[in-house]
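What follows is one structure encoded as structure tokens, with my remarks underneath.
Order of the sequence lines sets the chain letters (A, B, ...), proteins ahead of strands, with each chain counted from 1.
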Amino acid sequence: MFLRNYWYVAALADEVRDRPLGRTFLGEPVVLFRTADGSLHALEDRCPHRQLPLSMGKMIGDALQCHYHGLRFDGSGQCVRVPGQDHIPAKARVRTYPVVERYRWIWIFMGDPALADPSQICDFHWLTDPEWGAKPAYLHVEANWQLVVDNLLDLTHLAFVHETTIGNMALVEHAAVKVQRAPNNVLVTRWIIDQPAPPTFVKVGKFTGNVDRWQIIDYTPPAFLRLDVGASPTGTGAPEGRRAGGIGMRNLNAITPETETKSHYFWAQAHNFEPDNPDMTDRVFEQIKTAFLEDVAVFTAQQRAITLRPDAPQVDINADAGGMQARRIVDRLYREEQATAAHATAAE
Amino acid sequence: MATKFRVELVWTEGEGKEAASIFLTSDGRVILQGRGVPAQEREALALPRDADLISVDRNHIRAIKDML
């Protein structure tokens with residue numbers, strides 16, 4: 001199940017250069033490239049002649065040349081040259097997709113191009129905000145995109161999957177989690193008041209006493225999760241919104257379905273302490289990366305089990321509340337999108 | 001009581017109206033935030049006299065339906 005009329009992250013900005021990059025989104029093969037003036041293009045990754053992926057070809061000037069018989073296509077998807085003949089068949093063109101570069105990511109719109117409004121792109125300004133240091137990364141994951149969303153909306157797995165990195169049992173045994181559900185948003189919030197700061201926080205925040213910690217997960221469909229985590233000295237008013245004297249990090253996640261069983265996972269870690277210090281950015285990133293790879297091992301193993309027996313029943317527990325609400329939102333949006341598409345088809 | 005883990009669920013309607021909280025507890029209960037039903041109201045509506053009754057917001061019901 002895919003939601004089509006949404007902007008998705010297609011690539012890191014510096015992955016797309018003057019040579020073709022082939023990637024599949026929502027089951028459709030796409031080739032991305034830049035022309036000499038730096039402008040971005042996304043075409044269907046399939047030569048209309050004999051279906052070889054165009055991403056196997058190369059750029060000749062501003063045209064993408066197919067590796068098989070040398071047909072060339074410009075950024076509008078139009079074939080502009082057929083070797084050995086003057087006539088270019090009218091059907092020698094490929095579909096194009098709207099693309100936008102924002103927040104050091106390349107965004108693509110896989111649905112109806114008439115609905116591709118860049119103002120609808122999810123906010124990830126922390127990646128380019130000078131007040132924050134940030135580092136983005138990409139992981140190819142052999143798991144359905146919703147398994148990744150489930151994972152990020154659940155705080156309790158930290159105690160088990162990340163036992164040796166960022167979790168402990170206190171996160172599970174004495175948790176009070178608040179799940180706020182709006183029509184198209186889920187916010188999972190947890191405060192840990194007046195507790196010692198974990199060692200990593202002490203190091204960067206230079207705390208001398210207890211702190212108030214927050215973990216706030218903001219989910220926006222289809223698969224954007226922005227985690228706000230940090231700590232401030234206890235009694236300085238962080239729960240009421242005053243975070244002065246504290247430290248904050250943003251863990252930023254954008255998951256783009258490749259197929260029903262594979263996903264493109266774009267993530268980044270941002271921090272508001274020493275934002276201009278690239279060593280600090282690297283250190284924070286590396287700490288979180290270890291935990292990320294632990295998660296990847298989990299949801300790829302889940303996918304293998306699900307593929308072996310797709311109809312196996314699942315049991316829900318309290319900790320699933322956030323993930324279940326996210327799935328309900330996606331189910332509703334999918335039904336709405338399908339109904340709109342059916343209506344449009346009937347009207348034609 | 002050994003309830004260590006709880007999840008509070010809060011729903012916001014389209015027009016921004018928030019439903020009061022629903023609590024899921026680790027001992028398997030669902031606790032609704034509401035107000036007790038006073039004796040006068042029990043009598044007027046012919047409600048049971050001694051039962052534990054609470055009055056909850058209509059949005060609660062919608063939220064529970066959605067949750068289940």
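A:N318 contributes a side-chain N or O that, together with a main-chain N or O of B:T25, makes up a donor-acceptor pair within less than 3.5 Å.
Annotation for B:Q40: atom CD does not count as buried by contact number, only 12 or fewer foreign heavy atoms lying within 6.0 Å. In this structure, A:D311 places its CG atom where more than 12 heavy-atom neighbours from other residues, nucleotides or ligands lie under 6.0 Å away. Within a 6.0 Å sphere centred on CG of A:D316, heavy atoms belonging to other residues, nucleotides or ligands number more than 12.
Annotation: the span from A:K178 atom NZ to B:R6 atom CZ amounts to 9.5 Å, rounded to 0.5 Å.
Put simply, the residue from B:T12, B:L9, B:V10 that forms a side-chain contact (heavy atoms from CB on, under 4.5 Å) with A:Q180 is B:V10.
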